[in-house]
Protein chains: 2
Amino acid sequence: MSGLTIGQVAERTGAATSALRYWEDLGLISSVRTTGNQRRYERATIRRVSFIRAAQRVGLSLEEIGAALSTLPDARTPTATDWARLSRAWRGRLDEQIRRIEKLRDQLDSCIGCGCLSLRTCALNNPSDVLAEHGPGAVLLEP
Amino acid sequence: MSGLTIGQVAERTGAATSALRYWEDLGLISSVRTTGNQRRYERATIRRVSFIRAAQRVGLSLEEIGAALSTLPDARTPTATDWARLSRAWRGRLDEQIRRIEKLRDQLDSCIGCGCLSLRTCALNNPSDVLAEHGPGAVLLEP
DNA sequence: GTCAGAGTTCATGTGACGTTCAAGTAGCGG
DNA sequence: CCGCTACTTGAACGTCACATGAACTCTGAC
């Protein structure tokens with residue numbers, strides 16, 4: 001009754017226990033300890049963990065996710081509106097990812113058969129116009 | 001005249017010298033050494049490196065790229081046709097990546113505002129039908 | 001012959017965890 | 001209270017694809 005074990009949170013969210021411990025080290029989630037030093041999680045942690053996993057799927061780094069989570073209210077348990085506010089920003093991110101890959105695919109179509117991989121004129125080999133910009137959003141195809 | 005230095009290959013392909021050394025450790029590319037133990041690359045290496053970088057952009061691991069490269073003829077310098085054969089398989093891969101992200105985006109649209117992240121019915125939170133399958137092709141969004 | 005710049009090996013760091021280990025803990029039946 | 005199984009702990013090491021830095025050597029222009 002005093003909280004969820006790490007195994008229960010893992011089962012309910014689909015996250016590995018090793019990931020949960022790692023995220024706690026990074027400060028993304030928190031727990032209280034039993035007298036025997038085991039972690040116990042609040043029920044609200046499940047929603048928080050679900051958010052983290054969804055955000056990862058969208059392509060955010062844990063650092064970015066932590067920044068987003070830090071904008072949640074400290075005092076009260078976050079509401080559905082709080083979570084929706086954070087999720088809204090992902091839309092553009094996904095659109096951008098799709099745009100990038102589509103461009104790469106189209107370039108590939110125009111390149112197959114020419115074998116021009118090493119030439120200066122090959123768009124697939126020199127996609128500077130597509131992927132050169134750095135910063136947020138480039139995580140997916142520009143490591 | 002006796003070959004390209006690692007810096008020249010890096011400049012012409014856009015790959016970092018550290019990456020070129022790493023790929024050589026893995027056997028993806030090869031070099032000959034000068035009397036002073038410096039690497040010298042054949043001109044054909046530029047095309048090979050370009051292929052590696054393009055393949056990475058498509059989402060292949062270095063292991064997969066190595067497998068593809070090993071199907072190239074050992075005896076002669078690969079032709080444009082050889083490279084085109086390897087590139088053709090990427091098309092479906094990119095299509096699949098786009099399909100995945102589009103599905104995720106559509107789910108996000110239907111989820112924003114509901115704040116249902118922790119509920120069993122939320123498609124974004126339970127995308128088992130989209131991303132559950134493992135194996136090749138899942139590299140991008142399923143780490 | 002001098003000197004900058006490019007090259008060398010080797011060790012260590014990164015991100016986001018996964019795996020493995022011995023040792024400790026929880027909760028159950030008997 | 002004993003024993004059993006399942007679970008949890010921290011620490012340490014592995015993964016992938018490199019980046020970075022230290023300390024050194026080679027090359028090529030002058």
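Here the structure is a predicted model, which is why all the values come from computation and not from measurement. Just so it is clear: chains get the letters A, B, ... in the order the sequence lines come, proteins before strands, and each one is counted from 1. When reading the values below, keep in mind they use all heavy atoms of this one structure, side chains included, and skip hydrogens, waters and symmetry mates.
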Rounded off to whole Å, could you give me the OH-to-C1' distance for the A:Y41 and D:dC7 pair?
-> 14 Å

Rounded distance in Å - CG (A:N37) to P (C:dT25) | 9 Å

Let me know, please, whether B:I52 or B:T35 comes out on the 5' side of the other along DNA chain D by nearest nucleotide.
-> B:I52

Is the closest side-chain heavy-atom distance between B:L28 and B:V49 below 4.5 Å?
-> no

Starting from C1' on D:dA11, measure out to CD on A:E24 and report it in whole angstrom.
-> 16 Å

State, with a plain yes or no, whether a side-chain heavy atom of A:T5 is found less than 4.5 Å away from one of A:R39.
-> no

Those residues of residues 14-21 of chain B lying under 4.0 Å from DNA chain D by at least one heavy atom = B:A16, B:S18, B:A19

Flag if over 12 foreign heavy atoms under 6.0 Å of CD, B:E24 = yes

Spacing between A:E11 atom CD and D:dT8 atom C1', to the nearest angstrom | 16 Å

Separation of D:dC16 P from B:D25 CG (nearest whole Å) = 14 Å

Per B:Q56 side chain, nearest of listed nucleotides D:dC18, C:dT25, C:dG7 = D:dC18

Phosphate oxygens OP1/OP2 of C:dG7: is one of them under 4.0 Å from a side-chain N or O of B:Q8?
-> no

Are A:L26 and A:L72 connected, step by step, through hydrophobic side chains (Ile, Leu, Val, Met, Phe, Trp, Tyr) whose heavy atoms are closer than 4.5 Å?
-> yes

Return the value, rounded to whole Å, for the distance between atom CD1 of A:I6 and atom C1' of C:dA26.
-> 15 Å

Hey, is CD on B:E63 packed in by over 12 heavy atoms from elsewhere, all under 6.0 Å?
-> no

Closest to the B:S61 side chain, choosing from C:dT25, C:dG7, D:dA17 = D:dA17

Map A:G36 and B:R40 onto DNA chain D by nearest heavy atom, then report which one ends up closer to the 5' terminus.
-> A:G36

So, do B:L4 and B:R40 sit near enough that their side-chain heavy atoms are less than 4.5 Å apart?
-> no

What is the distance from CZ of B:R33 to P of C:dG7, rounded to the nearest Å?
-> 13 Å

Below 4.0 Å: OP1/OP2 of D:dT9 and any side-chain N or O of A:R39 | yes

May I have the distance from A:Y22 (atom OH) to C:dG18 (atom P), rounded to whole angstrom?
-> 10 Å

Under 6.0 Å from the CD atom of A:E11, do we count more than 12 heavy atoms belonging to anything else shown?
-> no

Can a side chain N or O of A:W23 be found less than 4.0 Å away from OP1 or OP2 on C:dA16?
-> no

Can you tell me if the side-chain N/O atoms of A:T5 get under 4.0 Å from OP1 or OP2 in D:dC7?
-> no

